[in-house]
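One structure below.
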Amino acid sequence: NLLCYYTYDEQNPIRMGDELAWINRILTDVDLDHPTACAMNRDYATRPGSIARTVDFIGYDVYPVTGYSNQDISTVTERLEVGKKTNPNRPIYFMPQGFWYNTRVEGDLRAPTQEEFRNMVFQAIIAGASMLETYSFNSATNTPSPGRTAEEEWKIIATVYDEVSYLEPI
């Protein structure tokens, strides 16, 4: 846990620049010991500009494994490589999608298998992610994927993260 101030989630830092600058000024006045972080879910072409001016750590929460036909697991590598290239002065972290949303209008069809979760995590490491963070584990345990229990959801995440910590501490 980086103890970051999570200043925005999937916002457009160009359109929201004034609001984000205002938030960052408040945080600077209140507490200099905690960095700021965000999560991006779109590609650079969709949200261009210097995202690094708004936060200290840039996160990517790509969701390529939901069962939709227009998504590809290689999106993880593509987004992280572009993120590092366009924001070379900021650490990039990755939030692997690890749970099924039952609250979306259309609903995700499934969460990733353990192999897909591992694939995403190792893509992130190879692409140069500095950190990993599993977003909203409560969502995984409160609404496990159809056919899986909360314990099975946790086992998938824990098994892959144990492997990562053994092979390459991040």
Rounded to the nearest 0.5 Å, how far apart are [atom1] of [X] and [atom2] of [Y]?
| X | Y | atom1 | atom2 | result |
| --- | --- | --- | --- | --- |
| R90 | F57 | CZ | CZ | 9.5 Å |
| E151 | E153 | CD | CD | 10.0 Å |
| T36 | L20 | OG1 | CG | 9.5 Å |
| S130 | K84 | OG | NZ | 5.5 Å |
| L167 | D162 | CG | CG | 10.5 Å |
| I92 | T86 | CD1 | OG1 | 7.0 Å |

Is the closest side-chain heavy-atom distance between [X] and [Y] below 4.5 Å?
| X | Y | answer |
| --- | --- | --- |
| D56 | C4 | no |
| Y8 | E19 | no |
| I156 | R148 | yes |

What closest approach, in Å, do [X] and [Y] show between heavy atoms, and which atom pair accounts for it?
| X | Y | answer |
| --- | --- | --- |
| A39 | Y93 | N-OH, 4.5 Å |
| Y161 | E133 | OH-C, 3.7 Å |
| D61 | M40 | OD1-O, 2.8 Å |
| K155 | T159 | O-OG1, 2.6 Å |

Please tabulate, for side-chain N and O atoms in residues 116-127, each donor-acceptor pair with protein atoms closer than 3.5 Å (sequence neighbours left out).
unit_1 : atom_1 : unit_2 : atom_2 : d
E116   : OE1    : R110   : NH1    : 2.8
E116   : OE1    : T113   : N      : 2.8
E116   : OE1    : T113   : OG1    : 3.3
E116   : OE2    : R110   : NH2    : 2.9
R118   : NE     : E163   : OE1    : 2.6
R118   : NH2    : E163   : OE1    : 3.0
N119   : OD1    : Q123   : NE2    : 2.6
Q123   : OE1    : T77    : N      : 3.1
Q123   : OE1    : T77    : OG1    : 2.7
Q123   : NE2    : I73    : O      : 2.9

| task | Could you tell me which residues satisfy side-chain hydrogen bond (donor to acceptor under 3.5 Å, both in side chains) with T75, sequence neighbours excluded, listed by chain and number? | result |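 Checked T75 against side-chain hydrogen bond (donor to acceptor under 3.5 Å, both in side chains); zero matches.
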| request: Go through the structure and list residues passing side-chain hydrogen bond (donor to acceptor under 3.5 Å, both in side chains) with E10, not counting sequence neighbours. | output: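 Counting only residues at least two positions away or on another chain, E10 forms a side-chain hydrogen bond (donor to acceptor under 3.5 Å, both in side chains) with N41.
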| task | Enumerate the residue pairs fulfilling side-chain hydrogen bond (donor to acceptor under 3.5 Å, both in side chains) with a member in residues 20-30, sequence neighbours excluded, ordered by first and then second residue. | result |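 For residues 20-30, and leaving out neighbouring residues, there are no side-chain hydrogen bond (donor to acceptor under 3.5 Å, both in side chains) pairs at all.
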| field | ring-ring contact (aromatic ring centres under 6.0 Å, His included) partners of Y5, counting only residues at least two apart | value |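 ring-ring contact (aromatic ring centres under 6.0 Å, His included) list for Y5, sorted by chain: H34.
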